[in-house]
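Accompanying notes for the structure given below.
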Number of protein chains: 2
Amino acid sequence: MQEPMYIKIHNQIKRDIENKKYKVGERIPAERQLASKFNVSRMTLRQAIKTLEDEGILERRLGSGTYVSSQKVQEKMSGIMSFTDITRSNGQVPSSKLLSYRITKPSLSEKEKLKIQDTDNVLRMERVRFADNVPICYEVATIPYELVSRFSKDEISSSLYQTLEEKGGYKIGSVVENIGAAVANENEARLLSVKKGEPLVTRRQVTELSNHYPFEYVRASYVAERFEFTFEK
Amino acid sequence: MQEPMYIKIHNQIKRDIENKKYKVGERIPAERQLASKFNVSRMTLRQAIKTLEDEGILERRLGSGTYVSSQKVQEKMSGIMSFTDITRSNGQVPSSKLLSYRITKPSLSEKEKLKIQDTDNVLRMERVRFADNVPICYEVATIPYELVSRFSKDEISSSLYQTLEEKGGYKIGSVVENIGAAVANENEARLLSVKKGEPLVTRRQVTELSNHYPFEYVRASYVAERFEFTFEK
DNA sequence: CAGTGGTCTAGACCACAAA
DNA sequence: TTGTGGTCTAGACCACTGA
C-alpha cells in the first residue's frame with residue numbers, strides 16, 4: 001500500500017468536487033455514510049475530511065453537515081503561489097524575459113542571506129515578468145552554484161523548484177518573505193515601463209530546503225499600479 | 001466537562017514549554033508515555049500534539065520523536081497579529097493617536113466592501129500609529145455603525161476585536177488583505193513626518209465575522225523605510 | 001425528534017530512525 | 001533491534017442543528 005487510505009480518500013473527494021459531483025455550497029454525505037462507502041472506519045474518514053478542511057476545500061458545520069467551501073483559501077497566499085500561478089488565476093497570460101544569467105561571486109547581502117562563504121560561487125539571474133505582455137515585475141534571484149551546477153540552464157531558469165525536487169532529490173522547506181515599498185529608479189523605470197519615482201512593491205524572499213540550508217534569495221519589485229498581494233486567512 | 005481533553009492537554013504541554021520543562025529543540029516524551037500520563041488513549045493524545053504542531057510549537061520526526069520547534073512560525077503572519085503585537089515583538093513601544101471618530105454615511109468603496117446600503121451609518125476612525133514615538137502608519141478604519149452602537153468610544157477605539165468577541169458575542173471569521181505600494185501625498189507626508197513622494201506600503205483589510213458579514217474595512221499606509229511585512233511559511 | 005459533527009477508547013500493525 | 005511516529009479499526013457517548 002503506497003499511499004495511506006486517508007490520502008486516497010482525500011484525493012477522491014477532491015476529484016468529486018472538481019467534477020461537480022459535489023458542488024460549491026452543497027453538503028456532502030455524512031461522515032458515517034462516506035466511511036461505509038469507502039470501507040474505512042469513521043476516524044479514518046474524518047482524517048481525510050480534516051486535510052480537506054485544512055486546505056479550505058471543505059467546511060464543517062457542527063450538527064448540520066460538511067459543505068464544499070466557496071473560497072479556495074489557502075493557496076492565494078503569495079510566495080507558495082508563483083507569479084505564473086497568480087497571473088493565470090487572474091485570467092492573464094504570464095511570460096518572462098531572462099535579462100542575465102551569470103555565475104559569479106556573491107554580494108554581501110547574498111552571502112549573508114544564503115549563509116555561504118566568499119569563496120563559493122553563486123548563480124545570479126535577472127528577469128522581467130509580464131502579464132498579457134505588460135511588464136509587472138523585475139526580479140533578481142541568487143542560488144548557491146554548487147546546488148545547481150549539474151543542471152542545464154533551461155532546467156534552472158524555467159522551473160527551478162520542480163528540477164530541484166524531481167531531479168535533485170531536494171525538498172523545499174520554509175519560505176520567509178519581506179514585503180515593503182520603494183520608488184522606481186532609472187533602471188527599474190526603464191525595464192518596467194514606468195516613470196522614475198513611481199511606487200513599487202518590493203519583496204525579498206529566502207527559501208530554505210527541508211534540511212534548513214538556504215537555496216534561493218530573490219529580490220523583486222512589482223509595479224504598484226499593476227499588481228498587489230492578496231492574503232486570506 | 002467544559003473543555004475537551006485534547007485541548008486541556010494542549011494547554012498543559014504549552015505551559016510546560018513556557019515553563020522550560022520542555023526546552024526548545026528538545027524531545028518531549030513519546031506519545032504512548034504522554035497518553036498514559038494524561039490517562040487518555042493515544043489517539044486523543046495525538047490530537048493534542050497535532051494542534052500544537054499546527055501552531056508551529058511542536059515538530060514531529062518520524063521514527064525519532066516529537067520536538068519543541070525553535071520557530072514561533074504562524075503568528076508572524078501579519079494581520080492576525082496587530083500592529084501593537086508586531087511592534088512589541090520588535091522590542092519597541094507602540095502607541096497611537098486618534099485623529100477623528102465620526103458617525104457618517106459610507107463612501108462608495110466602504111459601501112461596497114462592507115456590503116451595506118446608502119441608508120446605513122458607518123463609524124469611521126482615523127489614526128496614526130507610532131513605534132517608540134516615531135510615526136509608522138496612517139490608518140482609516142470603517143465599521144457598520146449598528147454593530148457597535150451600544151459600545152462606548154473607548155471600547156471601540158482601544159480594543160475593538162476584544163469588545164466584539166467578549167461583549168458583543170460575535171466571532172471573528174476570515175480576513176482578506178491586499179498589500180501594495182504608493183507614494184505619500186501631502187496629507188500623509190505631514191502626518192507621518194516624511195517628504196511628499198516617499199514610498200508607502202499600503203494595506204487594505206476586510207474582516208468578516210464568522211457569519212460572513214463584513215464588519216471592518218481598514219486602509220492603512222506604512223512608511224516603507226520604517227516598516228515592512230514579514231511572512232513565514 | 002433524528003441526524004450531524006466532536007470527542008474518545010483500547011487496542012493493532014506498519015515504516016522509519018537510531019543505536 | 002528497539003522505540004518512535006503514522007495509520008487504522010469498530011465501536012461509544014456527547015452537543016449541536018434543524019425539522
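Labels below follow one simple rule: chain letters A, B, ... track the order of the sequence lines, proteins then strands, and each chain is numbered from 1.
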Given atom [atom1] of [X] and atom [atom2] of [N], what is their separation to the nearest angstrom?
{"X": "B/Glu31", "N": "D/dT2", "atom1": "CD", "atom2": "C1'", "answer": "16 Å"}
{"X": "A/Lys8", "N": "D/dT7", "atom1": "NZ", "atom2": "C1'", "answer": "13 Å"}
{"X": "A/Ile49", "N": "C/dT4", "atom1": "CD1", "atom2": "P", "answer": "13 Å"}
{"X": "B/Arg60", "N": "C/dA15", "atom1": "CZ", "atom2": "P", "answer": "19 Å"}
{"X": "A/Glu3", "N": "D/dC8", "atom1": "CD", "atom2": "P", "answer": "10 Å"}
{"X": "A/Lys50", "N": "C/dG5", "atom1": "NZ", "atom2": "C1'", "answer": "14 Å"}
{"X": "B/Leu34", "N": "C/dT9", "atom1": "CG", "atom2": "C1'", "answer": "17 Å"}

Notebook entry, point to check: What one-letter contact string describes nucleotides 14-19 of chain D from 5' to 3', where B marks a base within less than 4.0 Å of any protein heavy atom, S marks contact via sugar-phosphate atoms alone, and - marks no contact?
Noted result: --BB--
So, are [X] and [Y] salt-bridged, with charged N and O less than 4.0 Å apart?
{"X": "A/Asp118", "Y": "A/Lys111", "result": "yes"}
{"X": "A/Glu3", "Y": "A/Lys8", "result": "no"}
{"X": "A/Arg219", "Y": "A/Glu110", "result": "yes"}

Checklist line | Residue met sooner reading DNA chain D from 5', once A/Ile7 and B/Gln33 are mapped to nucleotides | finding: B/Gln33
Notebook entry, point to check: Between D/dC8, C/dG5, C/dT7, which one does the side chain of A/Thr66 approach most closely?
Noted result: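 That would be C/dG5.
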Notebook entry, point to check: Where the side chain of A/Ala30 is defined as all heavy atoms beyond and including C-beta, which of C/dT7, D/dT4, C/dG5 is the nearest nucleotide?
Noted result: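 Output: C/dG5.
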Item checked: Side-chain donor-acceptor pair present, A/Glu126, A/Ser100, cut-off under 3.5 Å -> yes
Item checked: Near-strand residues of residues 37-48 of chain B, defined as heavy-atom separation under 4.0 angstrom from DNA chain D ->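 Output list: B/Arg42, B/Met43, B/Arg46.
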Checklist line | Crowding at NZ, B/Lys115 (>12 non-hydrogen neighbours, <6.0 Å) | finding: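 No, because the 6.0 Å sphere around NZ of B/Lys115 holds 12 heavy atoms or fewer from other groups.
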Check: Considering residues, nucleotides and ligands other than B/Glu146, do more than 12 of their heavy atoms fall under 6.0 Å from its CD?
Finding: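 Open.
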Checklist line | Flag, side chain of A/Lys105 to backbone of A/Thr119, donor-acceptor distance under 3.5 Å | finding: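 Side chain of A/Lys105 to backbone of A/Thr119, a donor-acceptor pair under 3.5 Å: yes, one is there.
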Check: Taking the side chain from B/Arg127 and the backbone from B/Ala141, do they hold a donor-acceptor pair closer than 3.5 Å?
Finding: no
Check: If you write DNA chain C from 5' to 3' in dot-bracket form, with Watson-Crick or G-U pairs under 3.5 Å, [ ] for crossing pairs and | for pairs with another strand, what do you get?
Finding: ||||||||||||||||||.
Next item on the list: Please say whether the positively charged group of B/Arg203, taken as NZ for Lys or CZ for Arg, lies over the ring of B/Tyr222, i.e. under 6.0 angstrom from the six-membered ring centre and within 45 degrees of the axis.
Entry: no
Item checked: Side chains of B/Ile143 and B/Met125 in contact at under 4.5 Å (non-hydrogen atoms) ->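 Yes; the side chains approach each other to less than 4.5 Å.
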Margin query: Before we go on, tell me: are the rings of A/Phe215 and A/Tyr217 under 6.0 Å apart, centre to centre?
Written below: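 Between A/Tyr217 and A/Phe215, which both carry aromatic rings, the centre distance is not below 6.0 Å.
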